[in-house]
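Below, each value reflects all heavy atoms present in this structure, side chains not excepted, and no hydrogens, waters or symmetry copies.
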Amino acid sequence: MKQELGLQGNIENIVFAVCANKIDCTKHRCVDESEGRLWAESRGFLYFETSAQSGEGINEMFQAFYSAIVDLCDNGGKKPVSSINIGFTKEQADTIRRIRNSKDSWDMLGVKPGATREEVNKAYRKLAVLLHPDKCVAPGSEDAFKAVVNARTALLKNIK
């Protein structure tokens, strides 16, 4: 990643902030908030929804960014443990993305068309454990969990 960003030295002593701007424009949104937040937080970046026009979210972004920099300086250039622990795993983030991009219920559960009831239920249980809102705090996990429940229900109705 250091080479991708063209950075030299230790990337751990940098604070990244992702700002989704133009939230005042309600007509067309390129990236859903939960997708943007998931992307940023899965990389350990701060994430903010802002509007340069109305000023919404700007003060909060700068305050959090400043606090993160002060924390970094207070810890000798090392990110505090609290900023490293994002509360969800890469597997959870990848699964949420896969579910969002699924073309049908089979794909959502990760089973092949024609799978048995047992295979559908097994795939569902695995995803339910991974994404249940009581266990997963990743942005979009609740919607992904609901989608998996609906996919399972739809598939089981059609399997004899």
Side-chain angles (χ1 to χ4, degrees), residues 1-105 107-110 123-153:
M1 182 168 177
K2 290 181 196 176
Q3 290 175 337
E4 280 179 39
L5 297 173
L7 299 173
Q8 296 184 7
N10 189 352
I11 197 166
E12 292 178 13
N13 62 0
I14 298 173
V15 176
F16 289 94
V18 175
C19 296
N21 193 31
K22 298 191 178 288
I23 61 169
D24 52 281
C25 297
T26 57
K27 287 186 181 184
H28 178 70
R29 184 167 184 130
C30 295
V31 177
D32 180 67
E33 177 184 358
S34 64
E35 178 67 17
R37 186 174 300 283
L38 180 67
W39 182 89
E41 291 179 358
S42 69
R43 288 157 176 79
F45 301 166
L46 301 172
Y47 179 84
F48 303 94
E49 295 271 310
T50 62
S51 167
Q53 182 175 7
S54 70
E56 184 178 349
I58 300 294
N59 286 337
E60 295 83 357
M61 183 271 301
F62 277 113
Q63 288 172 356
F65 191 58
Y66 175 78
S67 294
I69 292 170
V70 169
D71 289 346
L72 185 66
C73 293
D74 288 347
N75 287 311
K78 302 255 188 231
K79 289 185 181 176
V81 175
S82 63
S83 70
I84 296 168
N85 183 6
I86 54 176
F88 57 91
T89 66
K90 182 178 181 332
E91 181 184 14
Q92 289 169 321
D94 291 344
T95 301
I96 292 166
R97 280 191 205 94
R98 184 183 61 75
I99 289 168
R100 282 186 179 153
N101 296 324
S102 295
K103 57 185 183 278
D104 58 28
S105 295
D107 191 34
M108 192 172 294
L109 288 178
Y124 165 76
R125 283 191 298 274
K126 181 181 175 188
L127 291 170
V129 167
L130 192 64
L131 298 174
H132 195 280
D134 289 346
K135 305 283 187 217
C136 182
V137 297
S141 63
E142 189 170 339
D143 289 338
F145 179 76
K146 288 176 186 175
V148 166
V149 170
N150 292 336
R152 174 184 176 242
T153 302

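Atom CG of Asn59 is separated from atom OG1 of Thr50 by 11.5 Å, given to the nearest 0.5 angstrom. Here the CZ-CG distance, from Arg37 to Leu46, works out to 10.5 Å after rounding to the nearest 0.5 Å. Atoms CD1 and CZ, from Ile14 and Phe45 in turn, are 9.5 Å apart once rounded to the nearest 0.5 Å. Atom CZ of Arg100 and atom OG1 of Thr95 lie 12.0 Å apart (nearest 0.5 Å). The structure places CG of Leu109 at 8.0 Å from CD1 of Ile99, a figure rounded to the nearest 0.5 Å. Separation of atoms CD1 (Ile96) and CZ (Arg98) is listed at 11.0 Å; rounding is to 0.5 Å.
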Residues Tyr47, Trp39; criterion side chain to side chain contact (heavy atoms under 4.5 Å, CB included); working and verdict: CA-CA 9 Å; Tyr47 179 84; Trp39 182 89; over 6 Å; no

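For Glu56, the CD atom sits in a loose shell: 12 or fewer heavy atoms of surrounding residues, nucleotides or ligands are nearer than 6.0 Å. Open room surrounds CD on Gln53; 12 or fewer heavy atoms of other groups in view lie less than 6.0 Å from it.
Nearest approach of Gln92 to Leu131, heavy atoms of both residues: O-CD2, 4.2 Å.
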For residues 140-149, which side-chain donor-acceptor pairs fall under 3.5 Å, sequence neighbours excluded?
from, atom 1, to, atom 2, distance (Å)
Ser141, OG, Cys136, O, 3.2
Ser141, OG, Ala138, O, 3.0

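Under the 4.5 Å side-chain criterion, counting only non-hydrogen atoms from C-beta, Met61 is not in contact with Glu49. For the pair Asp94/Glu91, no side-chain contact is recorded, criterion being any heavy-atom separation below 4.5 Å from C-beta on.
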